Asker: 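I'd like to ask some things about the structure below.
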Amino acid sequence: GVTGVQTCALPICLRRFNVTLNHDSVRIAGEAPQAASLVKIFDSSPLFQNSALDSSGKVAGGAGENYQIHVARKYPNP
C-alpha cells in the first residue's frame with residue numbers, strides 16, 4: 001500500500017491514510033474531517049466508480065472521522 005501523513009490533493013485534507021491498489025479496485029483507509037464526502041469525490045472522478053463507505057467512526061477528541069472506503073477503478077475504452 002501507499003501511506004502518507006497528510007495530503008490536500010483532494011478537495012478535502014486527509015490525515016493518516018493508507019491506499020491499497022488492486023487491478024480493479026482501490027481501498028482507502030484513514031482519517032478525514034468528513035468521510036462521507038470522500039465517496040462523492042471519488043464517484044465524480046472519471047477514474048473511479050461505485051464508491052462505498054465500508055466503515056466510519058469519530059476520531060478520539062472529535063477532530064474528524066476514521067473511514068474505510070472501497071472504490072472500483074474505471075479503465076478507458078481502447
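Please read these numbers as outputs of a predicted model, since none were measured by experiment.
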Asker: To the nearest 0.5 Å, what is the distance between NE2 on His70 and CG on Asn22?
Answerer: 11.5 Å
Asker: Under the rule for side chain to side chain contact (heavy atoms under 4.5 Å, CB included), what residues qualify as partners of Leu47, not counting sequence neighbours?
Answerer: Ser45
Asker: Output all residues satisfying salt bridge (Lys or Arg N to Asp or Glu O under 4.0 Å) with Arg27, sequence neighbours left out; order by chain, then residue number.
Answerer: Asp54
Asker: Is there side-chain contact between Glu31 and Asn66, with at least one heavy-atom pair below 4.5 Å?
Answerer: yes
Asker: Look up atom CZ in Phe48 and atom CZ in Arg73, then write down how far apart they are to the nearest 0.5 Å.
Answerer: 7.0 Å
Asker: CG of Leu38 to CD of Glu65: how many Å apart, nearest 0.5 Å?
Answerer: 9.0 Å
Asker: Got Ile28 and Phe42 here, is their nearest side-chain heavy-atom distance under 4.5 Å?
Answerer: yes
